[in-house]
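Everything on this sheet refers to the single structure shown next.
In this text the structure is predicted, and so the values were computed from the model without any measurement.
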Amino acid sequence: MQPTPTRPRRPSTLRRYGPILAVLVIIVVVVLIVTLAGGGGSSKKDSVSAGSGPGKPPVMFTKDSNTDWGPNCDTTTGKIKLPTVYAPPCVPPFHGDNGGATAPGVTADAITVAVYIAQPDPLQQALVGGAGATTSPDQNADTAIDFGKLWAAHTETYGRKVDFVKYKATGGPTDETAAKADAIKIATDIKPFAVFGGPTQTTAFADELSARKILCLATCSVTFPDSFTQSREPYLWLFTPGSTQSASLTAEFIGKELKGGKAIHGGDAVKDKTRVFGALHYDTADGQYAQGYQTFKDQLNKYGVKLASEISFQLDLTRAPELARTAIAQLKSAGVTSVILNADPLMPKYFTQEATRQGYFPEWVIGQSLFVDTATFGRTFDQQQWVHAFGVSFNAARGDQTTQDGYNLYVWQYGKKPVSNNYQILNLDGGTLMTGVQLAGPILTPETFENGLFRAPVAGGGPTTPTLSRGHHGLWPTTDWAGIDDATVVWWDSKASGVDENGNNGTGLYQFADQGKRYRSGQFPKGETGLFDPATSVLLYKQIPPSDRPPVYPSPAQGG
């Protein structure tokens with residue numbers, strides 16, 4: 001076993017956040033529908049001039065060019081012929097020397113990708129199985145590989161085949177020692193360029209991979225503080241917004257649309273009062289998320305938003321009723337009319353039940369939360385409280401199965417439904433990997449891969465297609481290694497009936513205000529727009545909105 005490379009000190013394990021992150025990788029949620037190709041940008045690394053030499057990144061499509069872009073290029077869109085708005089730009093077909101073995105896991109003939117097969121965890125199985133998601137690790141791994149092969153079949157690989165090698169985990173999602181050992185085993189035995197998947201309740205796996213210069217892609221990295229990701233550049237690639245980005249967008253919504261107004265969406269006791277904000281925010285025992293919360297407070301201060309009460313909580317289901325009882329009492333005593341909820345998807349059940357017990361009916365403002373804004377979990381909260389819920393969501397406006405990018409891509413390629421119903425998540429890694437590979441050029445390294453993702457143009461921005469970019473495109477003042485760049489506004493419709501994110505029928509769904517319009521930094525309007533107004537909101541798109549529809553191409557499954 002090779003010695004462990006020296007790395008910056010990593011945050012301690014996320015094991016107390018376990019059930020949430022277990023759900024994050026397995027459960028099907030619409031936020032993941034579109035986060036598959038990565039966006040674009042420029043940085044100190046994307047100043048490299050493009051060209052045709054082996055050391056140059058490939059030129060990208062331009063209409064004013066005599067370049068032969070090959071049969072797989074749609075010269076109308078300038079993108080490869082994949083039916084998704086996140087298809088990468090065309091590059092010329094490759095001929096010549098690809099540089100051979102340019103990085104770990106890269107040879108002249110192949111790019112090796114390890115696919116992590118999670119060890120089943122009883123709590124995880126119960127949570128996600130109850131939500132209707134596929135809980136078979138093998139089925140999820142096979143579907144992820146199918147998507148990887150799909151993307152590889154349509155992108156430029158510079159003479160290399162993409163080989164996928166499965167790896168079965170030796171420990172559960174909270175086992176930091178096993179996670180570290182698994183990462184070392186993958187690095188020494190499989191020697192991959194990148195990894196799909198990983199244990200989601202510890203940073204050890206991602207830390208060890210990045211120390212060995214192996215890419216940890218979308219479902220491997222999940223969510224980390226900005227400092228963790230940045231110090232491990234260019235190896236970690238998130239699909240969610242960065243913590244600073246989500247803080248900025250959430251604070252802008254609160255500062256522009258809510259500050260100074262009456263708490264009109266709360267219960268009778270608060271709806272005629274000027275809003276008084278309080279915060280419930282998740283953290284670990286060692287304060288791992290304290291920095292992110294402070295960033296959120298700093299952003300609120302820019303809009304003059306003050307907090308009358310701030311309560312940090314941990315995910316501890318054994319003490320959840322007790323924690324909720326104390327927290328709600330403090331908020332009520334402080335006169336809070338509007339509770340900003342930065343939370344996991346499990347604790348709000350206890351907070352809302354306790355609020356009802358104490359006869360306290362505030363506005364519930366969804367902030368930087370994980371899956372609180374999904375119907376799957378929204379239905380588990382006390383509905384007397386959740387009827388007062390609204391806030392920011394990074395999800396795409398929802399639609400039925402045929403509006404979902406991953407589902408449509410899979411059926412288009414293979415002519416059948418994916419085995420795992422977690423297809424939206426499992427599509428992420430293949431799209432991220434192959435976009436970076438195509439735009440990196442023949443000399444494939446983690447650095448050229450990063451440069452490739454940074455060079456890709458900004459994509460999306462419609463109701464069902466969140467904006468994606470990486471690098472520097474003017475959307476953020478600093479380098480962007482994260483995914484989604486915009487947000488929408490949602491509110492809970494307790495009377496709406498339909499399917500949740502996993503296809504389960506029930507009552508209670510989120511409405512997307514103003515037809516699911518998305519806002520980038522600086523774009524939120526002043527004053528409320530569309531909250532609790534069914535006439536201007538959208539529940540479920542039955543068809544993809546015209547602005548978000550990808551081109552139609554012949555299906556390979558039908559001989560196209």
Side-chain angles (χ1 to χ4, degrees), residues 1-18 21-22 24-26 101-107 110-121 124 137-138 140-141 144-145 148 162-225 227-238 286 288 428-429 432-433 436 444-447 449-450 481:
M1 182 179 295
Q2 57 181 298
T4 303
T6 301
R7 295 290 298 171
R9 184 181 183 275
R10 71 169 176 265
S12 62
T13 177
L14 304 179
R15 67 169 56 105
R16 294 199 64 121
Y17 208 23
L21 297 186
L24 180 56
V25 168
I26 303 297
T102 58
V106 179
T107 68
I111 302 168
T112 301
V113 177
V115 181
Y116 180 95
I117 302 177
Q119 189 177 92
D121 175 82
Q124 173 177 313
D138 288 293
N140 287 322
I145 291 172
V162 183
D163 293 329
F164 297 93
V165 181
K166 295 181 181 179
Y167 178 84
K168 289 200 172 185
T170 63
T174 64
D175 192 334
E176 182 171 341
T177 301
K180 180 176 180 178
D182 285 340
I184 294 172
K185 187 76 170 173
I186 288 171
T188 55
D189 290 2
I190 299 177
K191 299 180 175 65
F193 176 68
V195 176
F196 287 6
T200 56
Q201 298 158 47
T202 170
T203 60
F205 187 74
D207 189 57
E208 291 298 329
L209 290 180
S210 60
R212 287 162 173 77
K213 300 183 178 181
I214 296 170
L215 299 183
C216 184
L217 297 180
T219 62
C220 166
S221 55
V222 188
T223 180
F224 298 131
S227 58
F228 184 88
T229 304
Q230 293 167 9
S231 65
R232 287 151 182 82
E233 177 223 357
Y235 305 107
L236 305 186
W237 296 99
L238 303 179
D286 57 357
Q288 183 174 318
L428 299 174
D429 290 321
T432 303
L433 174 69
L444 180 59
T445 67
E447 291 74 21
F449 178 88
E450 176 184 71
W481 286 278

**Lys/Arg-Asp/Glu bridge criterion (N-O < 4.0 Å) met for E176, K180** = no
**Request:** Quick one: list whatever passes side chain to side chain donor-acceptor pair (under 3.5 Å) with D138, sequence neighbours left out.
**Result:** none
**For K166, all residues meeting side chain to side chain donor-acceptor pair (under 3.5 Å), sequence neighbours excluded** = D142
Smallest separation among heavy atoms of [X] and [Y], with atom names:
X	Y	value
T445	T102	CG2-O, 3.3 Å
A114	I186	CB-CG2, 3.8 Å
P104	K213	CG-O, 4.4 Å
L444	A103	O-CB, 3.5 Å
A178	G171	CB-CA, 3.6 Å

Nearest-0.5 Å distance, [atom1] of residue [X] to [atom2] of residue [Y]:
X	Y	atom1	atom2	answer
L215	F449	CG	CZ	5.5 Å
D429	T219	CG	OG1	3.5 Å
L217	L238	CG	CG	11.0 Å

List in chain and number order the residues that pass side-chain contact (heavy atoms from CB on, under 4.5 Å) with [X], two or more places apart in sequence or in another chain; answer none if no residue qualifies.
X	answer
K185	Y167, D189
T107	D109, A110
T112	V165, I190, P192

**Message:** Could you check whether any side-chain heavy atom of R212 comes within less than 4.5 Å of a side-chain heavy atom of I184, counting everything from C-beta outward?
**Reply:** yes
**Request:** Report yes if some heavy atom in the side chain of W481 is under 4.5 Å from a heavy atom in the side chain of E450; otherwise report no.
**Result:** yes
**Message:** Among C220, P199, P137, C216, exactly one meets side-chain contact (heavy atoms from CB on, under 4.5 Å) together with Y116. Which residue is that?
**Reply:** P199
**Item:** Exam field: side chain D182 to backbone F205, donor-acceptor pair closer than 3.5 Å
**Value:** no
**Asked** Please, which pairs that meet ring pair (Phe, Tyr, Trp, His ring centres under 6.0 Å) have at least one residue in residues 178-198, sequence neighbours excluded?
**Response** F164-F196
